[in-house]
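Working notes, beginning with the structure itself.
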Amino acid sequence: MIELGQINTLEILRETDHGVYLIDDEDNEVLLPNRYVPEAFKIWDKLEVFVYLDNEERPVATTDMPYIKRNDFALLRCNQVTDYGAFLDWGLVKELFCPFKEQAFKMKPGGWYLVHCYLDEKTDRLVASSKTNRFLDNRELSVAEFDEVDLIVSHPSDIGMNVIVNKTHLGLIYKDQIFKDINVGDKLKGIVKKIRPGNKLDIALGQIGYRNIEPNAERIMQELNDNSGYINLTDKSSPDAIKDLLQMSKKNFKKAVGTLYKQRLIEIKQDGIYLT
């Protein structure tokens with residue numbers, strides 16, 4: 001099946017005056033215009049192409065790769081605004097259309113906007129929307145606490161910066177967790193720091209490697225996050241105190257603390273353990 005708005009691997013079927021026709025394994029065909037045809041090729045060669053609609057609303061292939069694909073997010077520049085909406089530069093000859101109704105704020109030529117690209121079911125056209133939150137869903141999470149995640153910086157709020165998590169969910173980085181300049185559209189790595197009621201995601205910047213932490217260390221990190229970054233335990237604490245709080249032996253506790261300390265995730269002080 002040839003997918004609009006996606007990268008397709010297709011075979012060269014035949015050559016014409018206008019270009020070559022490509023075919024998929026279901027015998028669907030699409031034209032690759034002459035300007036994109038390789039200088040040397042053979043029938044049945046495979047090509048990776050992006051497929052979208054040309055100015056006459058016909059499917060067409062290109063070897064140029066766009067800045068954004070269908071169901072993806074990207075920061076794009078507005079080239080022009082007409083009576084119908086805005087037209088964005090996405091790296092192809094035909095610009096990407098963003099209707100007025102899909103603009104979170106009125107777009108202006110020369111401005112940069114974070115948008116989502118999707119297939120409009122009514123027109124079968126690829127269009128953009130800067131109302132990105134409506135393409136995110138936190139009802140069923142595909143992430144867990146301490147997972148490493150891919151982030152796209154979305155928009156600021158009074159308490160921090162909203163981020164798109166794995167192109168699927170909405171998350172928040174609190175102001176006091178931001179230690180460098182970040183801007184809308186930046187792509188970053190992060191950690192799911194906490195999942196709050198309502199499946200709200202608290203995100204921390206960084207790529208710490210929580211997946212490699214042993215379960216007991218995860219348990220300690222959970223307790224630290226739930227108690228403002230502090231627990232009243234040390235290596236001198238009694239086995240009963242450790243068991244009551246963390247449900248683990250003192251031996252396992254000391255091993256897990258050592259793991260976290262080596263990764264510089266915690267500080268060990270006389271009165272307890274602190275998140276760095």
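What you are looking at is a predicted structure, and each value in this text was computed from that prediction instead of being measured.
With sequence neighbours left out, Glu11 forms a salt bridge (charged side-chain N to carboxylate O under 4.0 Å, His left out) with no residue at all. Taking the side-chain contact (heavy atoms from CB on, under 4.5 Å) definition, one finds that Glu57 meets it with Leu53, Lys94, Arg125, sequence neighbours left out. Residues satisfying the ring pair (Phe, Tyr, Trp, His ring centres under 6.0 Å) test with Tyr261, not counting sequence neighbours, are none. Residues meeting the ring pair (Phe, Tyr, Trp, His ring centres under 6.0 Å) test with Phe41, sequence neighbours left out: none. For Thr168, there are no side chain to side chain donor-acceptor pair (under 3.5 Å) partners at least two apart in sequence or on another chain.
Between Val20 and the options Asp45, Asn34, Ile12, a side chain to side chain contact (heavy atoms under 4.5 Å, CB included) holds for only Ile12. For the side chain to side chain contact (heavy atoms under 4.5 Å, CB included) with Glu145, the qualifying choice from Asp202, Ile195, Leu201 is Ile195, the only one to do so.
Rounded to the nearest 0.5 Å, atoms CG (Leu233) and CG (Leu224) are 9.5 Å apart. The distance from atom NZ of Lys189 to atom CD1 of Ile203, rounded to the nearest 0.5 Å, is 13.0 Å. Going from atom CG of Leu141 over to atom CG of Asp137 covers 9.0 Å, rounded to the nearest 0.5 Å. For the atom pair CG (Asn252) and CD1 (Ile242), the distance works out to 10.0 Å, reported to the nearest 0.5 Å. The CD1 atom of Ile273 sits 7.5 Å away from the OG1 atom of Thr234 when rounded to the nearest 0.5 Å. Note that CG of Asn216 and NZ of Lys255 are 8.5 Å apart. Values are rounded to the nearest 0.5 Å.
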Please lay out, stage by stage, how Phe50 and Asp64 fare under the test side-chain contact (heavy atoms from CB on, under 4.5 Å).
CA-CA 7 Å; Phe50 182 77; Asp64 290 343; over 6 Å; no
Step by step, work out the side-chain contact (heavy atoms from CB on, under 4.5 Å) result for Ser154 and Val163.
CA-CA 5 Å; Ser154 177; Val163 290; 5.7 Å; no
Could you walk me through whether Tyr174 and Ile159 pass side-chain contact (heavy atoms from CB on, under 4.5 Å), step by step?
CA-CA 6 Å; Tyr174 288 98; Ile159 56 175; 3.9 Å; yes
Leu126 and Trp90: CA distance, side-chain angles, deciding distance, side-chain contact (heavy atoms from CB on, under 4.5 Å) verdict
CA-CA 12 Å; Leu126 294 167; Trp90 62 329; 4.0 Å; yes
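Contact check for Asp54 versus Pro33: no side-chain heavy atoms found under the 4.5 Å cut-off. Side-chain contact check for Tyr52 versus Leu96: every heavy-atom pair is 4.5 Å or farther apart. With a 4.5 Å cut-off on side-chain heavy atoms, Leu260 and Met221 count as touching.
What you find for Thr276 and Glu267 is that their closest heavy atoms are CG2-CG, 3.8 Å. Heavy-atom minimum distance, Met161 versus Ile182: CG-CD1, 4.1 Å. Shown here for Ser130 and Cys98, the closest heavy-atom pair between the two residues is N-SG, 4.4 Å. When all heavy atoms of Phe146 and Gln222 are compared, the closest pair comes out as CZ-N, 3.5 Å. Across every non-hydrogen atom of Leu205 and Leu151, the tightest pair is CD2-CD1, 4.0 Å. Smallest separation of non-hydrogen atoms from Lys108 and Cys78: O-CB, 3.4 Å.
Atom NE2 of His155 is surrounded by more than 12 heavy atoms from other residues, nucleotides or ligands within 6.0 Å. In Lys131, the NZ atom is crowded: over 12 heavy atoms of neighbouring residues, nucleotides or ligands sit closer than 6.0 Å. The environment of Arg35 atom CZ is sparse: at most 12 non-hydrogen atoms of other residues, nucleotides or ligands sit within 6.0 angstrom. Around the CZ atom of Arg14, the shell of radius 6.0 Å holds more than 12 heavy atoms that belong to other residues, nucleotides or ligands. Heavy-atom neighbours of Lys167 NZ from other residues, nucleotides or ligands within 6.0 Å: at or below the threshold of 12. By the 6.0 Å contact criterion, CD on Gln247 is enclosed, its count of non-hydrogen atoms from other residues, nucleotides or ligands being greater than 12.
A salt bridge does not link Asp150 to Lys187: none of the charged nitrogens lies less than 4.0 Å from a carboxylate oxygen. The pair Arg134-Glu102 counts as a salt bridge, with a side-chain nitrogen and a carboxylate oxygen less than 4.0 angstrom apart.
Other cluster members for Val184: Phe73, Leu75, Tyr84, Phe87, Phe97, Trp112, Leu114, Tyr118, Val127, Phe135, Leu136, Ile152, Ile164, Leu170, joined by side-chain heavy-atom distances under 4.5 Å among Ile, Leu, Val, Met, Phe, Trp and Tyr.
Seen from the ring of Tyr274, Lys269 counts as a face-on cation partner, given the 6.0 Å and 45° thresholds.
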